[in-house]
Undergrad: 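Please see the structure below; I have some questions.
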Amino acid sequence: MCYDIASATLAKLKYAQHRADDPEYIKQIEDELKKISASLHPYYTVNGFAHPGLLVFTNHQPYLPQVFSWGLIPSWSRSLDEAIACSQLTINARGETIFTKPTFKQSARFKRCLVYADGFFEYFHFNKQAYPFFIKHPLGDPLIFAGLWDEWVDQSTGVLYQTCTIVTTVANPLLKKIHVKPGLEEARMPVILNKSEQDIWLQTSIDEQDSSLINPLLKPYSDQLLAHTVKKLKGKQAPGNSPEAIMPFEYPELALLGI
DNA sequence: CCAGACGTTGTT
DNA sequence: GTCTGG
DNA sequence: CCAGACGTTGTT
DNA sequence: GTCTGG
């Protein structure tokens, strides 16, 4: 599951260096990031249901940073109502079925992207309370999620909607430990790609129909991640969209659990 | 064949 | 307890 | 997914 | 656009 993420502006320039090795590409990406910075709001925490604009690199323009709304709207949507209703249910896409589900099939084959984030949140449930953990890269590098994108034009207004979804897979050991909830059978996590996997994910030109290169990428992240509890993301005591949202915050009642 | 759905997480 | 909104 | 509401009649 | 249910 991946419904809450962080993606703050200060880190955005750093993202450029992770997308490219060539200094010329890095410069190009940084320049473009400055241009689109007005639409790249800093998110220390943001929920998928708010459909924020996320920083993506698509297979069509692998070195062009773009802002796509979170919650995929398929190109065949027939009305704004239908499109909005759909986007509530396409915040995530199950990696196991992206090549078969009608909503994702075309995107899985032709419209893949990288979604950049500082980290994501997952809840640990204890005593009927939900304790949010922030999960991030040990060195503070961006986490790069496997994403799908699509474009839909509202025929009644002519407005173009560029949207994306984050692909999920089964949880790795760390996320299994965090994502504990009574009755929960299968914990999940976003697909996080390393450098070489990112390049493969964006390679849709070789054989568009061949999923055998892509399916091996849809697995739990095996490198190290860091996790710590943070203040509640929502509700009266929540710090809201501020740096405090991702700062470590201890819950005394969890101290003895060894979490 | 047409009409209508097309999804996730977590749930029973 | 259960549904809805975000 | 979690947080918060969950109702009526009639009022400002 | 593409799949499923009837």
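We name chains A, B, ... by the order of the sequence lines, and we start the count at 1 in each one.
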Undergrad: Just checking A/Glu185: base, sugar-phosphate only, or nothing, at a heavy-atom cut-off of under 4.0 Å?
TA: base

Undergrad: Answer yes when A/Lys219 and A/Glu197 have at least one side-chain N-carboxylate O distance shorter than 4.0 Å, and no when they do not.
TA: yes

Undergrad: Centre of A/Phe249's six-membered ring, under 6.0 Å away, within 45 degrees of the axis: is that where NZ or CZ of A/Lys232 sits?
TA: no

Undergrad: Please report the distance separating the P of B/dG10 from the corresponding atom of D/dC1, rounded so that it comes out in whole Å.
TA: 5 Å

Undergrad: Can you check the A/Asp150 CG to E/dT2 P distance for me, whole Å?
TA: 13 Å

Undergrad: Between D/dT8 and B/dC6, how far is it from one C1' atom to the other, in whole Å?
TA: 39 Å

Undergrad: Just how far, in rounded Å, is P of C/dG6 from CG of A/Asp4?
TA: 16 Å

Undergrad: Less than 4.0 Å between a side-chain N and a carboxylate O, is that true for A/Glu32 and A/Lys34?
TA: no

Undergrad: Taking atom types as modelled and ignoring hydrogens, do the side chains of A/Asn47 and A/Trp70 form a donor-acceptor contact shorter than 3.5 angstrom?
TA: no

Undergrad: Counting any heavy atom closer than 4.0 Å, what does A/Ser75 reach on the DNA or RNA strands: base, sugar-phosphate only, or nothing?
TA: nothing

Undergrad: Taking a pair as Watson-Crick (N1 to N3 plus N6-O4 or O6-N4) or G-U wobble (N1-O2 and O6-N3), both under 3.5 Å, which stems of 3 or more consecutive pairs involve DNA chain D?
TA: C:1-6 with D:1-6

Undergrad: Taking any atom closer than 4.0 angstrom to a non-hydrogen atom of chain A, what span of DNA chain D does the protein reach, first nucleotide to last?
TA: D/dC1 to D/dG4

Undergrad: List, by chain and number, the other hydrophobic cluster members for A/Leu139, where Ile, Leu, Val, Met, Phe, Trp and Tyr join if side-chain heavy atoms come within less than 4.5 Å, directly or indirectly.
TA: none

Undergrad: Using the closest heavy atom to pick a nucleotide of DNA chain B for each, name whichever of A/Trp76 or A/Arg188 lands nearer the 5' end.
TA: A/Trp76

Undergrad: For A/Pro182, report the nucleic acid contact type (base, sugar-phosphate, nothing); a contact means any heavy atom under 4.0 Å.
TA: sugar-phosphate

Undergrad: Does the pair A/Lys27/A/Asp22 count as a salt bridge with the N-to-O cut at 4.0 Å?
TA: no

Undergrad: Between C/dG5 and D/dG7, how many Å separate the two P atoms, rounded to a whole number?
TA: 11 Å

Undergrad: Counting any heavy atom closer than 4.0 Å, what does A/Ile91 reach on the DNA or RNA strands: base, sugar-phosphate only, or nothing?
TA: nothing

Undergrad: Out of A/Tyr131, A/Phe124, A/Phe133, which one pairs with A/Tyr251 under the ring-ring contact (aromatic ring centres under 6.0 Å, His included) rule?
TA: A/Tyr131

Undergrad: Any side-chain N or O of A/Gln106 less than 4.0 Å from the OP1 or OP2 oxygen of E/dT2?
TA: yes

Undergrad: Rounded to whole angstrom units, what separation is found between the NZ atom of A/Lys105 and the C1' atom of E/dG1?
TA: 10 Å

Undergrad: With A/Arg109 as the cation and A/Phe99 as the aromatic partner, state whether NZ or CZ is under 6.0 Å from the six-membered ring centre and within 45° of the axis.
TA: no

Undergrad: Is it true that A/Lys176 and A/Glu186 make a salt bridge, defined as a side-chain N closer than 4.0 Å to a carboxylate O?
TA: no

Undergrad: In whole Å, measure the gap between the C1' atoms of B/dT9 and C/dC3 for me.
TA: 16 Å

